[in-house]
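Read through the structure below, which is laid out as C-alpha cells, and then see the notes.
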Amino acid sequence: QQMIPKTVAMRTYLITTALITLVMAGVGYLYAEETERTIILDHQRQMTAIAAALSQEVYARELQGDFARVYLSGDEAALAALRDTLQPVVSEMARQQPGFARGFTVYDRRVAFHPFRPDGWEVPIPLSVMDVYNTTGVTVIQSAPSSLLGQTIMTVVYPLFSGGRMVGHAWASVAVSVLDETVFLAVLRIILALIAAWAGLMIILNIAFDSMRRSLGELAKHILRQEDHTVGLEKFPELKPVTTAVATLRKGLKESENHYRTLLENSPDAIFRYDTAGRLVYANPATRQRHSGVDLLGKRPREFGMMSAATTDLVENTINTVLATGRNVERCYPLPNKDGTQRYMKASWIAETDDRGRVISVLGISRDVAELQTANERFSTLFNLNPNILVLTRKADGAIIDVNRVFLEKSGLSREEAIGRHAAELGLWLEPGQQQELMESLISDGRLINCEIRCTVRGQSYTGLLSSAGVSINGEAC
C-alpha cells in the first residue's frame, strides 16, 4: 500500500524541492553578483563626484596657476600657499560627506589630503596613480596599495589643467575592505531573505505533499483490496486514466489466470514445479492422479515412496542438473501403476529464471508415452512385414531414412548401405529423368497412385507400379 505514495508523492516532492533549491540558489548567486557590481559602480560615481567637486574648488579660486608653478618648477612657496588654502577645503568637504579619502596632488607631491596625518606629506604616491599624467583623463584605479591609508584602495583620479597642460589632480579613494564589507552585508541580507523564502516554500510543499501522500495511500489501499478506486480520485482526477488502466489490466490478468488455470487443471499431461531445494511446490490434477492422489507437496522425490530407487535418482539428478546449468532437459523414466505394472513417461524439465537470469524453480511437463510406443511398434511391424517394397525418404533432399525387409531382399543392399543415400546414387532408376518427373507430379498433386516406373536391381531391369504420398515423421516432412 506504500508503493504509490513512495513512487508518486515522495519522488515528486524531492524533485520539486531540488528544483526550487537550485533555482533559488542560481537566482541568489546572480543577484549577489549584480549587487556587488551595483555597489562598486555606486562608489565609483560618488568618488567621481567628490573629485569633480574638488577640482571645481581649484577653478573657482583660480588656483590652477599655482598648481602649474609647482608642477613645472617645484615652487615651494606656491606649494605652501596651496596647502594652506586647500587643506581646510578638503577637511570641510570630508566632514560634510564622510566615508571617502580625498585630496589634491601635483604629480608626486601631496597638496592636501584626508584623513590628515602630520607625516602624510612625505608618503609616496602610488605609481599607478601617476599614470594618469599619461592619459590626462578621469581614471578609475580598481586596486592600488596606499601607504597613506595603510591598505589596498580603489581610487578615482580627476585631472587639473592650466593652459591646456595637466598640472595636478584631485582624487577620491575608498578602502577595498570597506567595499568588501558593504558587499558582504548586502549579499548576507540577500542570502537570509532567500533562505527564509526557501524555508517557507518547503513548509508549503511539505504540507501539500503530506496531504497527497495520505490521499494516495488511501487510494493504494482501495486498489490493493480491489475495491472501487474512484472513491480516492476526487483530489486526483488526473490519475483516473491510470487507475482505470490498472483495473483493466487486473481484469485481463484475472481472465488470463483463469484461462491458464483451466488449461493446467484439465491438461492430460502431468505439470509440476520444484523449488531450488528440490521440493515439489505445485502439481496439477493429472500429476496427483498418476501418483494415486497422494499429497506430495513440500516433499522431495525420494520422499514420495512410490518410485524405484533408479527412477528416484534419475528424477533428482535431472532437477539438480537443470538448477545448476539453467539448461532444459528431456528424460524418459518408468512410473509404477496401481496394479504393479509400469508405464513410461517422457518429461521435459524447464529452467525458470528471474529477471537476473538466476534459476528459481524447475517446471516439469510429462506425458505417458506408452500408447505412442505401442503405436510405433505397430507401425514398425506393418512396415517390415509388408510384402511390397517400402522406402521412406526425406522430402527436403530425397535421402533414404528407412527401408523395409523386402527392399533389402530385392536390392541385395544392407540397411547401412541404403540409409542416408539417394535412389540415384544406388542406381535404382533405369531412366533417371523419370524420378524428377514423378517428384514434380507428387508435389503438384500431393500423391502418386500406381505410376509405372522402370528400375534396375542387381543389373536386371524391371517394370513396376509406384504409389507415394507425403507424411510427417517426428515433425519432418517425408
Side-chain angles (χ1 to χ4, degrees), residues 40-179:
I40 291 174
L41 289 174
D42 182 63
H43 278 70
Q44 289 177 359
R45 283 193 294 268
Q46 292 185 61
M47 289 188 292
T48 302
I50 290 171
L54 288 173
S55 67
Q56 291 303 316
E57 289 291 332
V58 172
Y59 296 128
R61 297 171 186 268
E62 298 182 352
L63 298 175
Q64 58 269 34
D66 292 333
F67 272 88
R69 285 192 293 275
V70 174
Y71 178 76
L72 295 174
S73 63
D75 190 329
E76 293 294 334
L79 177 60
L82 285 174
R83 287 175 175 173
D84 291 340
T85 303
L86 294 178
Q87 183 62 50
V89 174
V90 170
S91 298
E92 178 59 24
M93 291 181 68
R95 185 187 65 80
Q96 295 176 3
Q97 190 179 8
F100 297 92
R102 68 203 71 197
F104 294 99
T105 302
V106 176
Y107 195 63
D108 60 350
R109 306 189 70 179
R110 298 186 185 279
V111 175
F113 54 88
H114 175 86
F116 180 78
R117 44 187 276 199
D119 61 345
W121 306 109
E122 304 303 326
V123 174
I125 306 296
L127 293 176
S128 59
V129 173
M130 288 188 288
D131 286 342
V132 72
Y133 288 86
N134 297 322
T135 60
T136 66
V138 178
T139 304
V140 177
I141 302 172
Q142 293 287 351
S143 179
S146 173
S147 301
L148 183 65
L149 298 180
Q151 54 187 310
T152 302
I153 60 173
M154 182 172 69
T155 303
V156 171
V157 179
Y158 206 97
L160 298 172
F161 293 93
S162 177
R165 179 194 297 271
M166 183 175 174
V167 294
H169 65 271
W171 56 269
S173 299
V174 63
V176 173
S177 61
V178 174
L179 276 175

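What you see is a predicted model, and the numbers here were worked out from it, not measured in a lab. Here, residue 1 is the first one in the sequence, and each next residue gets the next number.
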Please give me the minimum heavy-atom distance between A112 and Q87, naming the atom from each residue. CA-OE1, 3.3 Å
Between A170 and S55 the two heavy atoms that sit nearest each other are CB-N, 4.2 Å
Passes side chain to side chain contact (heavy atoms under 4.5 Å, CB included), V90 versus M93? Steps please. CA-CA 5 Å; V90 170; M93 291 181 68; 6.0 Å; no
Any chance you could measure W171, atom CH2, to R110, atom CZ, to the nearest 0.5 Å? 6.0 Å
From F67 atom CZ to T105 atom OG1, the distance as rounded to the nearest 0.5 Å: 8.5 Å
Kindly give the heavy-atom pair with the smallest separation between R102 and I50, and that separation in Å. NH1-CG2, 3.7 Å
Heavy-atom count around Y133 OH within 6.0 Å, excluding the residue itself: above 12? yes
Test R45 against T48 for side chain to side chain contact (heavy atoms under 4.5 Å, CB included), laying out the working first. CA-CA 5 Å; R45 283 193 294 268; T48 302; 5.7 Å; no
Run the side-chain donor-acceptor check on residues 158-167: report pairs under 3.5 Å with partners two or more places apart or on a different chain.
none

Walk me through it: do F100 and V156 pass the test side chain to side chain contact (heavy atoms under 4.5 Å, CB included)? CA-CA 11 Å; F100 297 92; V156 171; over 6 Å; no
Search all heavy atoms of F104 against all heavy atoms of L54 and return the closest pair with its distance. CZ-O, 3.2 Å
Is there side-chain contact between R61 and V89, with heavy atoms separated by less than 4.5 Å? yes
Greater than 12 external heavy atoms within 6.0 Å of Q96's CD: yes
Closest heavy-atom pair, V111 versus R83, reported as atoms and distance to 0.1 Å, is O-CG, 2.9 Å
Gap between atom CD1 of I141 and atom CE of M47 - 0.5 Å precision: 10.5 Å
Got a second to check how far Q46's CD is from L41's CG, nearest 0.5 Å? 11.5 Å
Beyond-backbone contact of Q44 with M154, side-chain heavy atoms, under 4.5 angstrom: yes
Contact summary for A77 and D75, nearest pair of heavy atoms: N-OD1, 2.9 Å
